[in-house]
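Remarks on the structure that follows.
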Amino acid sequence: MDGSFFPHPAARMATEAARAMVRSMKSFPLKGLRQQRQSTRIAPGAQDRSPARAEFEFFARFPVFSFRRLDERLTCLRRRPPPSRSPLLAPAFPAGYNSPHPMDYKTTVLLPKTDFPMRAELPKREPEMQKKWDESGLYSKIRAARKGARKYVLHDGPPYANGNVHIGTGLNKILKDIVVKFHTMLGADAPYVPGWDCHGLPIENKVAEEMGAAFRSADPTLVRAKCEAYAAKFIDVQRKQFKSLGVLGDWERPYLTMSPSYEAGVLDCFLDLMERGKISRKLRPIHWCVRDETALAEAEVEYADIASPAITVAFDLVPGPHPFSKEKAAIVIWTTTPWTLPANLAVAVHPQADYALVECAGRKFVLAEALAEKALAKVGPVKVLAKARGSELEGMEYEHPFMKRRSPVVLAEYVTLTDGTGCVHTAPGHGHEDYQTGRRYNLEILNPVGPNGVYDERAGMFAGKRVPAVDPEVVAQLKGTGHLLHEEKVSHSYPHCWRCHRPIIFRATEQWFIEIDDSRDKALEQVRRTRWVPAWGETRITSMIQSRPDWCVSRQRLWGVPIPAFFCEKCGKAITDAKVLRRVRDLYAREGAGIWYRLSASEMLGTAPACACGHAAYRKGNDIFDVWFESGSSHRSVVMAHPDLQFPADCYLEGTDQHRGWFQTSLLPSVLTQGVSPFKACVTHGFVVDDEGEKLSKSKDNKGYTLPKNAEDFQKLFGADVIRLWIASVDFTDDIPVSKKRFDEIAEVYKKWRNTFRYLLGALADFDPARRETALWEIDRWALHRLGALIVRVEQLMNDFDFAHATHEINAFIVTDLSAFYLDAVKDRLYTFAPASSGRRAAQTVVFEIVSALARLTAPVLCHTAEEVWSFVPGKKEDSVHLARWPQPPASGFTKELEADWDRLFSVSHDLAREIEKLRAAKTIGKSTEAVVDLATEDAAWHDALARRAEDLAGIFLVSEVRLHRGQVPGAVKGADAPLVSVLAAKSPHPKCGRCWNLRADVGRSPRHPSCCARCVAVLAELGA
RNA sequence: GCGCCCGUAGCUCAACGGCAGAGCAGCCGGUCGAUAACCGGCCGAUGCAGGUUCGAGUCCUGACGAGCGCACCA
């Protein structure tokens, strides 16, 4: 449907002509006329002028009015009945309206009439509409309608296939749906392929719980089958719940990370990385959960405060050539993880820091000068004996306090002088920086802790003990030998497993890694090229990528995509030839990744080339991929593979936690294998919280009211459109508060919109869009002008993902422009003018234009209600509002000058309302149309603004009559909004017309209709009443 | 600890450096031809202390408060 139908060029020409007339008038001698206009009485009731005179004055003063049809204007001015019924006019009463009864004028008034229900009954009606969309294949219809159009791809971040759809998950899907629907309306082919993240620990743990002791010894194939069934069950549950929110997409063909094609895509990505030399297998400390017995990625770690023993320990220095080591001294370290001491292989000092040999409690210690007093405060007074630079200490040796070995003092830039002693206990197997230092000094990457957290024999006297429970024993041992200088408890934040929430450890093991370092700059450049909404997302992801070490992608679990790792039986070396490994990829594509557990290494490899050591027999690895690598491969498995989609995606839209999660784990593989970011724009939203700002997990607000548990229950309680309107109205970049109160508030907004729609539709009961009126009144053009501005503004805001402001704009238009003003102002025309008169059809034309545009403007958000409205909009149109195109701003011919005039009118209107309110308070009048007002101003600009549309002022201000004066009027009050204009309001002396309820001087002139005004008499005559 | 963002009416949000505005809620009233609707009026706000400027909600500084992120104390 074309939103613009007005003869724009013609309208503009008319405006030009009008302006030309105004310009030419300036030199015209108007003195006499001006004097006559000192007190210009304006319709209705200007009986003291001959028609010809009135006509002259009208054209001389209000050339702009040429927009309104001449015959109608003259009819109005001359107070005479219109010509007998024109053959062009429609039948007296449109179908559905009662024929008039002589004395009952109500039946001759064209009141709003529509079947669009006032009550939404969303919980009941929405599911019916969703069913209809499903059955009619709306999604496919949209695809077909947009075939060949430019693509807009929003790639779905897959929710985890576990549990119900929490309101926060629902919010995410609704935001995506709004984006997709909006871009579809803009004309793009915007497919939406939803996905699910199926692999991973939560499901595996659930299955392990169900299986009990049998789990540990169970056949992996059996476990995986149970996991798959579990995931499949919740995919169905969640799909139903997402659909209940009105989210439209390819629900019958979602992507699943456990499907063979997806799994094959993960290997494609991995093997590409391998070919590019980005994959390595290394012994390196990584986060390790001793409960889940698996490696963890950065993104799987969360921090929480715990109390740890903080100990100050002295390591005896071995005499040597360095400063301080001629004497019997000890170097002092500080640690909060005593259990890492068995793996201590060095002490690190800062090369530029100042260190001192001090005497304290009769012993000699080496530590940072600046920290000596503080660190040894509990030991005794400190006396500095000698000083040295950190760099001079390099190579000193010390005896481990309980392991039989000597270790070196080393240098490290990361040593700080804020805490501890400036001498850092270094265990290359238990810390990232320690590891790097260890590599530099060729230290062993020693990890004496097993997967379950138990020391092996390399921990010496502590072998067989469990970490970190062993801490007190280590402390006791140090104390017993006099190495412990001090012990206290400190509370500090410590990494925890985000699945089981227990403290984790750093532990060096052999793992698969993706090497990030070489590609970091490229990744950061891609970050800069991406649009981040809100903008600070860029800062976050940048700092994240800058600081992220290489990525450990192997996990020691079952429910995932097995890493295609084959180790030489003889030398243990892994096959790193991607060409060989692609056989496995093809197997996954055909059979699913579960095939890994059903075939032997040789069955999968066929005749593989021999290892460098000469042997050709291999054993399989047991690791699976980090699920983050899996979901991060979706650009490969889905966006690049799905026929509807296109790489790179236009938009990813997820919760802000995904900066460290999916955004990052998607960006890196994509940049490393494809050279570009997988998304052009990245939008993030906050979390749903209750009114107290707490995360909504408890589902209770402060009044004890329990919010629903899943998305479908929300729909049943409030209706999806109310939920969607709520989401569209909040600033989703921040935390999003939810409570019953907020839903009640937003439901009020919904009702207001709905009622306005109902009224608009009611005004169009007899309207045929084929017979639109082109001769619009100025107020109509004002309304179109406002609508056009709204369309432009909302489109821009939606493009910027600023739904909240778009919603506010729409609300302001509906409430302020329409409900409080325009719809009131056009009532007279809609209700009382002859059915097919130009004036009435002009109003209907604008109302039609508004409702047609508004249905589309709101369709991305109120997808059910807009559809319902759409079905009531008269005329030929698309089957569904979701197939329709975004409206074009209608040509209103409105100029800056007109805008300025109307601003003045509204200022006066405000002042007037206050004066009228006084009459109302005094019970002098009821409604404002009973008032007659005098407006007085000495200011030419204000006078002109009013005088130029004098004829319409009564209608604009909703009063019976407006009298405009130059100069002063006794009793008039200076306006507050328009100080240059004084206003005076009084009760109109005229009788009230029994039909149109206007107070008119000409009521009672017709013997046939003694209670009617002249205009109504004319209309009644036309109607044959 | 470092960084980012925010602080406007009871609530949700506005205001190129230029008269602090809307909606909701509340109160008062109107209307009875949008009626389980509709309209009007009133009420009421720039958290604090400085600075720049003719002029600051807006720019700068500081502390305060809220939120978020990063890091992690070896």
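Quick note: numbers below take in every heavy atom, side chains included, and nothing from hydrogens, waters or symmetry partners. Below, chain A is the first sequence line, B the second, and so on; all start at residue 1.
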### Task
Considering only atom C1', compute the distance from B:G55 to B:G18 and round it to an integer number of Å.
7 Å

### Task
Write down the distance separating the C1' atoms in B:G26 and B:U12, rounded off to the nearest Å.
16 Å

### Task
Write down the atom of A:Y398, the atom of A:P408, and the distance for their closest heavy-atom approach.
CE2-O, 3.5 Å

### Query
How long is the line joining CZ of A:F803 and C1' of B:C13, in whole Å?
17 Å

### Task
Figure out the NE2/P separation between A:H910 and B:A22, and round it to whole Å.
6 Å

### Message
Applying the 5.5 Å / 30° rule, does A:W997 stack onto the base of B:G33?
### Response
yes

### Query
Can you name the nearest heavy-atom pair linking A:K752 to A:S819, along with the distance?
NZ-OG, 2.7 Å

### Query
Atom CG of A:D911 and atom P of B:G40: how far apart are they, to the nearest Å?
15 Å

### Task
Using a heavy-atom cut-off of under 4.0 Å over every strand shown, decide if A:N755 touches base, sugar-phosphate, or nothing.
base

### Task
Provide the distance between the two P atoms, one in B:G57 and one in B:C16, to the nearest whole Å.
13 Å

### Task
Indicate yes or no: does A:K927 engage A:E930 in a salt bridge with an N to O separation below 4.0 Å.
no

### Query
With a 4.0 Å cut-off on heavy atoms, is A:K918 in touch with a base, just the backbone sugar-phosphate, or nothing at all?
nothing

### Given A:H430, A:H425, A:R507, the one that forms side chain to side chain donor-acceptor pair (under 3.5 Å) with A:T340
A:H425

### Query
If the P atom of B:C13 is compared with that of B:A49, how far apart are they to the nearest Å?
26 Å

### Message
Please report the distance, rounded to the nearest Å, between CZ in A:F813 and C1' in B:G23.
### Response
16 Å

### Message
Using OP1 and OP2 only, check whether a side-chain N or O of A:K927 sits under 4.0 Å from B:G30.
### Response
no

### Query
In whole angstroms, how far is the C1' atom of B:C43 from the CZ atom of A:R914?
14 Å

### Task
Could you tell me whether A:A921 contacts a base, only the sugar-phosphate backbone, or nothing, with contacts defined as non-hydrogen atoms closer than 4.0 Å?
nothing

### Summary
Rounded to whole Å, CZ of A:R920 lies from C1' of B:C38 at a distance of 13 Å

### Query
Just to confirm, is there a sub-4.0 Å distance from OP1 or OP2 of B:A34 to any side-chain nitrogen or oxygen of A:K113?
no

### Message
Regarding A:G420, tell me which of base, sugar-phosphate or nothing describes its non-hydrogen contacts under 4.0 Å with the strands shown.
### Response
nothing

### Message
Quick check for you: among B:G23, B:G69, B:C13, whose closest atom lies nearest to any side-chain atom of A:N811?
### Response
B:G23

### Task
Could you measure between the two C1' atoms, the one in B:C24 and the one in B:A14, and give it in whole Å?
15 Å

#### Entry: A:M118 side chain, from C-beta outward: closest of B:C13, B:G41, B:A37
B:A37

#### Entry: Side chain of A:D824 (C-beta onward), nearest among B:A25, B:G29, B:C39
B:C39

### Message
Give me the stems containing RNA chain B, sorted by first residue, counting only three or more consecutive Watson-Crick or G-U pairs with both distances under 3.5 Å; say none if there aren't any.
### Response
B:1-4 with B:67-70, B:10-13 with B:21-24, B:26-30 with B:38-42, B:48-51 with B:59-62

### Message
On the nucleotide B:G69, are OP1 or OP2 found under 4.0 Å from the side-chain N or O atoms that A:R660 carries?
### Response
no

#### Entry: A:K752 side chain, from C-beta outward: closest of B:G40, B:C39, B:G30
B:C39

### Message
I'd like to know whether the aromatic ring centres of A:F906 and A:F821 sit less than 6.0 Å apart in this structure.
### Response
yes

### Query
Is a salt bridge present between A:E868 and A:R754, judged by a nitrogen-to-oxygen distance below 4.0 Å?
yes

#### Entry: Side chain of A:S819 - closest among B:C38, B:G23, B:G33
B:C38

### Query
When rounded to the nearest Å, what value does the distance between P atoms of B:U58 and B:G50 take?
14 Å

### Query
Ignoring hydrogens and angles, are the base of B:A34 and the side chain of A:R758 linked by a donor-acceptor pair under 3.5 Å?
no

### Message
If you assign each of A:D731 and A:H425 to its closest nucleotide in RNA chain B, which residue comes earlier from the 5' end?
### Response
A:D731

### Query
How far does the P atom of B:G62 sit from the matching atom of B:C2, given to the nearest Å?
13 Å

### Task
May I have the step-by-step check of ring-ring contact (aromatic ring centres under 6.0 Å, His included) for A:W288 and A:F506, ending in yes or no?
CA-CA 6 Å; A:W288 185 274; A:F506 248 97; over 10 Å; no

### Message
Applying a 4.0 Å non-hydrogen cut-off, can you work out what A:V815 is touching in the nucleic acid: base, sugar-phosphate, or nothing?
### Response
sugar-phosphate

### Message
Just N and O in the side chain of A:Y759: are any of them under 4.0 Å from OP1 or OP2 of B:U35?
### Response
no

### Query
Taking 4.0 angstrom as the limit, do A:D977 and A:R914 come out as a salt bridge?
yes

### Task
Would you kindly compare A:R793 and A:R995 by the position of their nearest RNA chain B nucleotide and give the one closer to the 5′ end?
A:R793

### Message
Within this structure, what is the CD-CG distance for the pair A:E538 and A:L524, rounded to the nearest 0.5 Å?
### Response
9.5 Å

### Query
Just checking A:T340: base, sugar-phosphate only, or nothing, at a heavy-atom cut-off of under 4.0 Å?
nothing

### Query
Atom CG of A:L919 and atom C1' of B:G29: how far apart are they, to the nearest Å?
13 Å

### Query
Base, sugar-phosphate, or nothing for A:H805, non-hydrogen atoms under 4.0 angstrom?
sugar-phosphate

#### Entry: A:Y750 versus A:N755, side-chain donor and acceptor atoms under 3.5 Å
no

### Message
Rounding to an integer number of angstrom, what distance separates B:G33 and B:G44 when you compare their P atoms?
### Response
35 Å

### Query
In whole angstrom, what separates A:R829's CZ from B:G33's C1'?
17 Å

